[in-house]
Amino acid sequence: MAFFKILAIALSIAASAVAQTGTGALNNSLSLTPAMGWSSWNQFGDSINETLIKETIDTMEKNGLKEAGFTYVNLDDGWQRYKGNRKDHPGPIEADPVKFPNGIKSLADYAHSKGFKLGIYNGPGENTCAGYTGSKGYEAEDAKTWASWGIDHLKYDSCCSHKDAPDSEVQAVHRKMSESLIATGRPIVFHACHCGWADIWEWAAADGANQWRIGQDISDDFNYPGNREKYYFDVLDMLDRGANLTKYSGPGHWNDYDMLIVGLEGKSGQLVGTGASDIEYRTHFSMWSMVNSPLLIGADVRTLSRASLETLMNQEIIALNQDPLGLPAVVVWEADDKSAQIYGKELQDKSYGVAMLNRGSSTREMSISPRRDLTIPWDEYRVRDLWRHKDRGPYDVPFGVEVMAHEARVFRLSNVEDAA
Ligand code: GAL
């Protein structure tokens, strides 16, 4: 039996264990595929306002992003009225009346009227990472407020307030908000954000989280060794970080590799990084799709280049991310020096998604063999090239291509017998 099938069975056993324990496992039944949309942080930091969000919604409606599946529009930090300690601002949480003169409910109504969902951000401390009032002591009240506004997604961020807290405390504060959201009765996707610390992947799903960050903030770089071990992770760092965590990710509970950098082009007002090439952004999007990370665009959608839009709207790549089987890709082969890797995953229709990733600095030949690399006994198979949108084969020998430096060639392989 293929490795992927064993993984699928293990995941489904784990999922039913969550549903059956009765010992307090929480499950909101949301996000059966990774969330797709936009989030304000990577480009704008806390410089957000109602006009920007409405223009973002209008643009995504018109330029095809909504149709491609990007429907969450998420406010990150900086929508709140007050900076400082929540104890000094004890009333119901409020939006900044200058940035959001009509309030968040009216913005949510606007988003919903155009077929989008609205997300919001806060954290479990006295204040958030950008210094705005947090939810400490007001968890149930804040959850009710957000539900009454029509909020659909919450990023609950403990990175700063609980950086040095014991793991059990981090778990407890996230669980408290998860319970509070479920108690509102409104379906609100719950992102438990703790920058990849406290082994969050080990407990967050059972505490009702639909996604959790596996690392610190992404930088706008594909591969910048100078950033390693500092606060920011580049694309390759994030992929390596996730390589051993795939078993924790599945329908309803996803490893989150952080918001996308496609299209930032070194112009972020918030993130460090010098930008990446169109090929590198394409590789980043392909790999986030392969590993089933949430796909939250981080750039200003109003000024995206044609190349970035084409990257983000490749439906054949998005289908890998949104496949209902929900198996994240694993590394099935890598060069001894790790300069090239092949990622693979089984899909619901029994085909396989394959990404040949060239991490090195020159073009190289790479090949895939279903028997050798995926341990599936196909005699003949077809290959669909998901970036060139072409069918190849059938083949009964390994399939090889040239892969440019920092490129990922992505394919869908299917058994000729299954198609017959
Ligand atoms: C960080 C988080 C970022 C952003 C920021 C807001 O902790 O990793 O993604 O949400 O807080 O202050």
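Remember, it's 1-based here, ligands and their atoms both numbered in the order they're listed. Sequence positions, counted from 1, serve as the residue numbers for this chain.
- Those atoms of ligand 1 with a heavy atom of Met259 less than 4.0 angstrom away are 9 (O).
- Within ligand 1, counting atoms from 1 as listed, the ones closer than 4.0 Å to a heavy atom of Cys159 are 7 (O).
- The part of Arg213 lying near ligand 1 is the side chain, judged by heavy-atom distances below 4.0 Å.
- Relative ring orientation between Tyr281 and His284 is described as tilted, the plane-to-plane angle lying within the 30° to 60° band.
- Taking every heavy atom of Lys155 and a limit of under 4.0 angstrom, the matching atoms of ligand 1 come to 3 (C), 4 (C), 9 (O), 10 (O).
- The protein atom (non-hydrogen) at minimum distance from atom 2 (C) of ligand 1 is Asp157 OD2, 3.4 Å.
- In the model, Trp387 has a side-chain atom that pairs as donor or acceptor with a side-chain atom of Ser286 under 3.5 Å.
- Using modelled atom types, no side-chain atom of Lys114 and backbone atom of Asp58 make a donor-acceptor pair closer than 3.5 Å.
- Close approach to Ala130 involves these atoms of ligand 1, each under 4.0 Å from a residue heavy atom: 12 (O).
- Within the structure, every pair that satisfies the side-chain hydrogen bond (donor to acceptor under 3.5 Å, both in side chains) test and touches residues 37-46, not counting sequence neighbours, is listed here: Asp46-Tyr132.
- Counting heavy atoms only, Asp77 comes closest to atom 12 (O) of ligand 1 of the residues Ile218, Asp77, Asp76.
- No side-chain donor from either of Asp373 and Tyr352 sits under 3.5 Å from a side-chain acceptor of the other.
- Side-chain polar atoms of Thr133 and Asn127 form no donor-acceptor pair below 3.5 angstrom.
- Ligand 1 lies within reach of Asp217, whose nearest heavy atom is under 4.0 Å from it.
- Between Trp79 and Trp146, the angle of the ring planes goes over 60°, which puts this pair in the perpendicular group of the 30/60° scheme.
- Assignment of Gln216 to the shell around ligand 1 is not supported, since no heavy atom sits closer than 4.0 Å.
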